[in-house]
Amino acid sequence: EVFTGSAQAADQMVRDLKTFAATTPLQIKDVEDAAALLLALGEAAEDVIPTLKLLGQAAVAVNKPIEQLIRAREALSAGVVRAVQLQPFGVTRQGLAEALGKDVAQSTGDELVAAFDKILGKFEGLFAKTLNTVAGQWSNLKDVITLTFSGIGDALRTATMEWISEFQSVFTQITAIIEQNPEEVKKAIGVIVDAINTFLKPALNALNNLLTKIEQNPEILSDLATQL
């Protein structure tokens with residue numbers, strides 16, 4: 001909400017991120033964490049998903065966490081070019097200079113980031129290719145399952161809160177009845193206990209005896225099946 005301006009915009013972004021993740025090889029949690037980091041570093045809310053797509057494809061291409069790309073961009077935005085951050089993604093100082101059309105040392109942070117993103121454009125289309133693989137389809141399926149159970153979870157939370165509220169109401173009524181009529185309630189409980197001892201307990205004992213016999217003589221079941 002802090003980064004998006006309103007609770008409604010924040011909820012919409014979460015939904016958009018989940019939809020985006022479900023159509024890529026990226027996992028929902030990785031996408032949400034990367035989006036939070038981008039926003040914290042000053043990325044405009046409307047640019048988050050396009051940036052995630054660009055960086056995500058590069059991350060998948062070289063099998064590196066997307067956070068590494070975000071940190072590389074962060075350094076570039078500050079005018080710092082670290083070869084160790086760029087090399088895993090096939091980006092060099094010379095490559096940046098060529099994309100810029102001028103020396104890296106003469107470029108601003110925003111220009112360096114733009115050049116970096118331009119180079120990463122070589123991975124465009126990788127998501128579509130990856131999703132055609134077994135690993136990509138499995139990743140996609142996991143996201144769909146996560147989304148599905150997330151929706152079920154929301155419904156269950158609502159239902160559970162309603163049930164708890166209803167239970168509290170009933171429990172309050174029962175408590176009031178007990179406090180107002182302690183002797184009558186005591187008698188009623190006594191009647192229930194007597195009924196259990198009279199009818200249910202013998203039935204349970206008989207069932208327990210039957211189960212014991214079956215356990216000791218399993219052929220009883222075979223004989224019964226034959227008779228039926």
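Because the structure is predicted, anything quoted here is derived from the model rather than measured.
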statement: All heavy atoms of Leu76 vs all of Leu112, minimum pair found to be O-CD1, 3.6 Å
- prompt: Any side-chain heavy atom of Lys53 sitting closer than 4.5 Å to one from Thr24?
  reply: no
field: 4.5 Å side-chain heavy-atom contact, Arg71 and Leu37
entry: yes
- line: Closest non-hydrogen atoms of Met13 and Ala45, given as atom of the first, atom of the second and distance, are CE-O, 3.2 Å
message: Would you compute the distance between atom CG of Leu52 and atom CD of Gln57 and round it to the nearest 0.5 angstrom?
response: 11.0 Å
- prompt: Can Arg73 and Thr51 be said to form a side chain to side chain contact (heavy atoms under 4.5 Å, CB included), step by step?
  reply: CA-CA 11 Å; Arg73 278 175 110 245; Thr51 300; 3.8 Å; yes
task: Could you list the residues that satisfy side chain to side chain donor-acceptor pair (under 3.5 Å) with Arg93, not counting sequence neighbours?
output: none
field: Lys118 side, atom NZ; Glu98 side, atom CD - distance, nearest 0.5 Å
entry: 10.0 Å
query: When hydrophobic residues are tied together by side-chain contacts of less than 4.5 Å, even through go-betweens, does Val14 share a cluster with Val31?
result: no
message: Is there a path of hydrophobic side-chain contacts, each under 4.5 Å between heavy atoms of I/L/V/M/F/W/Y residues, joining Val62 to Leu86?
response: yes
query: When rounded to the nearest 0.5 angstrom, what is the spacing between OG in Ser77 and CG in Leu41?
result: 7.5 Å
message: How close do Ala99 and Ile119 get, counting heavy atoms only, and between which atoms?
response: CB-CG1, 4.2 Å
- prompt: Do you reckon Val80 sits in the same ILVMFWY cluster as Val91, going by side-chain contacts under 4.5 Å, direct or chained?
  reply: no
- line: Taken to the nearest 0.5 Å, the spacing of Phe89 CZ from Phe116 CZ works out to 6.5 Å
- request: Please report the C-alpha distance between Lys29 and Glu32 in whole Å, then the side-chain angles of each, then the deciding distance to 0.1 Å, and finally whether the salt bridge (Lys or Arg N to Asp or Glu O under 4.0 Å) criterion is met.
  value: CA-CA 5 Å; Lys29 185 179 185 307; Glu32 291 178 337; over 6 Å; no
message: Could you check whether atom NZ of Lys64 has more than 12 heavy atoms from other residues, nucleotides or ligands sitting under 6.0 Å from it?
response: no
Contact summary for Glu111 and Leu100, nearest pair of heavy atoms: O-CD2, 3.3 Å
- request: Please report the closest heavy-atom contact between Ile49 and Phe20, naming both atoms and the distance.
  value: CG2-CD1, 3.9 Å
message: I need the minimum non-hydrogen distance between Ile66 and Asp30, along with the two atoms involved.
response: CG2-O, 4.5 Å
- prompt: So how far is it from Leu120 CG to Leu55 CG, rounded to the nearest 0.5 Å?
  reply: 6.5 Å
task: Calculate, to the nearest 0.5 Å, the distance between atoms CG and CD belonging to Leu17 and Gln12 respectively.
output: 10.0 Å
field: Asp103 atom CG, over 12 foreign heavy atoms within 6.0 Å
entry: yes
